[in-house]
2 protein chains.
Amino acid sequence: MATTEPRWLDDGQQKTWRAYMAASQLLSDHIDRQLQRDAGMPHTYYSLLVWLSESPERRMRMTDLAERSKITRSRLSHAVGRLEHNGWVRREDCPTDRRGQMAVLTEEGFAALAAAAPGHVEAVRCALFDRLSAEQVCQLGEIMRTVAEGLAPHGGADLPWRR
Amino acid sequence: MATTEPRWLDDGQQKTWRAYMAASQLLSDHIDRQLQRDAGMPHTYYSLLVWLSESPERRMRMTDLAERSKITRSRLSHAVGRLEHNGWVRREDCPTDRRGQMAVLTEEGFAALAAAAPGHVEAVRCALFDRLSAEQVCQLGEIMRTVAEGLAPHGGADLPWRR
DNA sequence: CATTCGTCATTGAATGTTCAAGCAGTCGTA
DNA sequence: TACGACTGCTTGAACATTCAATGACGAATG
């Protein structure tokens, strides 16, 4: 029996996919470089601080933080290890589950975030929002929400716009 | 003199940015995992093989390949080192510039690519194109082209849709 | 309560990426 | 030709990420 011919991408899809690959690579490099230079951390780490800063008491369970950030628990462990080393996050035992750990944003961490935020926002705006029409921003949001929901493990229940 | 207040993102931009971050993270993880599992290489490396396979004589100057792929020359050197180790790419001296190196796709490399392609396309399709309308695919393409052109170093002269 | 299974989080090794430094060759210019 | 500046590519070390294995605890079951 012959294996079925794969459904290749048509021309428009191909062009869109290549544009997406180029743009997402360029964008993440651009953002990472800006943050590394001005704040001494990669974008992933910056995002962790943002989530913590928006959470009640500036703390979150490791697993929750990993889910929100779309990263593995392992990666989060390493990352928090580094942030703890920097004095920006501290670990505390979870009061209700002795297996659990809370990641807590320190004052220094909050300060580092506050210092980094303006430059970061400016970079995002320059690279993305200043170049798109209001309509395109809507379209992009809709598209990305759809994609994220399709790939999210828990039916997307943990996605940011569902909070 | 007061530093000027940063122009924060408005609510719609904020939501779009978070959706973008979630989706791009999930998507690249998804694609990377699929390729790592089924083809033994990350997506970046797969893309290198694709570019080579589409190039005349299946070869490209290192710098050109780096520019097309939107990665640094350093990263490319390491990557090609690994691909060469796998027997998928070989290096040759450039005939016209003695500083230069050509990365050449081997038969084994072409075979590895051919074997990996169907599964990869299927993954991209499932994650992205099967979930978007034809109109959204156009919109996404337009948006991503705009972003890439804004961030490309050479005025975007090396972007895929400009070939 | 004892067993078993699942969850929370971490670890170390292997792999990939970045950054700054370095070597060799080319180009422009006097 | 000689010089200095620039380009092409590589290297090693520091850093980040993945993967599989592990220990500790919780929850369900008998």
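For clarity, every value in this text was computed on a predicted model and none was experimentally measured. Below, read A as the first sequence line, B as the second, and so on, with proteins coming before strands; counting in each chain starts at 1. The figures here come from the full heavy-atom set of this structure, side chains too, leaving out hydrogens, waters and symmetry mates.
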Integer-rounded Å distance: [N] [atom2] and [X] [atom1]:
X	N	atom1	atom2	result
A:Asp29	C:dG16	CG	P	17 Å
A:Leu76	D:dT18	CG	P	12 Å
A:His30	C:dT18	NE2	P	15 Å
B:Asp32	D:dC19	CG	P	8 Å
B:Asp93	D:dC9	CG	P	11 Å
B:Arg33	C:dG16	CZ	P	15 Å
B:Met62	C:dG25	CE	P	17 Å
B:Glu92	D:dT10	CD	P	13 Å

(Q) Let's test your reading of the model: under 3.5 Å, does the base of C:dT15 pair with the side chain of B:His78 as donor and acceptor? (A) no
Mind listing the side-chain donor-acceptor pairs of residues 35-47 of chain B below 3.5 Å, one per line with the distance, residues two or more places apart or on another chain?
| residue | atom | partner | partner atom | Å |
| --- | --- | --- | --- | --- |
| B:Asp38 | OD2 | B:Gln34 | NE2 | 3.0 |
| B:Thr44 | OG1 | B:Arg75 | NH2 | 3.3 |
| B:Ser47 | OG | B:His43 | O | 3.2 |

Q | hydrophobic_cluster_shared for B:Val137 and A:Ile143, side chain cutoff 4.5 Å | A | yes
Q | Transitive ILVMFWY side-chain link A:Leu48 to A:Val50, under 4.5 Å | A | yes
Q: Could you name each residue pair satisfying ring pair (Phe, Tyr, Trp, His ring centres under 6.0 Å) that touches residues 124-146 of chain B, not counting sequence neighbours?
A: none
**Q.** Where at least one partner belongs to residues 59-112 of chain A, residue pairs that pass ring pair (Phe, Tyr, Trp, His ring centres under 6.0 Å), sequence neighbours excluded
**A.** none
Could you write out each protein N or O paired with an N or O of nucleotides 14-16 of chain D at a distance under 3.5 Å?
| residue | atom | partner | partner atom | Å |
| --- | --- | --- | --- | --- |
| D:dA16 | OP1 | A:Arg82 | NH2 | 3.0 |

Q. Between B:Ala23 and A:Met144, what is the shortest heavy-atom contact and its length?
A. CB-O, 3.4 Å
Q | A:Thr72 vs B:Asp97, nearer the 5' end of DNA chain D by closest nucleotide | A | B:Asp97
Which part of the nucleic acid, if any, lies within reach of [X] when heavy atoms closer than 4.0 Å are counted: base, sugar-phosphate only, or nothing?
X	value
A:Arg91	sugar-phosphate
B:Ser77	base
B:Arg73	base

Q | Short side-chain N/O contact from A:Ser74 to OP1 or OP2 of D:dT17, under 4.0 Å | A | no
Q: Measure the CH2-CG distance between A:Trp17 and A:Leu9 for me, rounded to the nearest 0.5 Å.
A: 9.0 Å
(Q) Run the side-chain contact (heavy atoms from CB on, under 4.5 Å) test against A:Glu57 and tell me which residues pass, sequence neighbours left out. (A) A:Arg59
(Q) Could you check whether B:Arg58 pairs with B:Glu107 (Lys NZ or Arg NE/NH1/NH2 to Asp/Glu carboxylate O, under 4.0 Å)? (A) yes
Q | DNA chain C contacts made by residues 99-106 of chain A, counting heavy atoms under 4.0 Å | A | A:Arg99, A:Gly100, A:Gln101
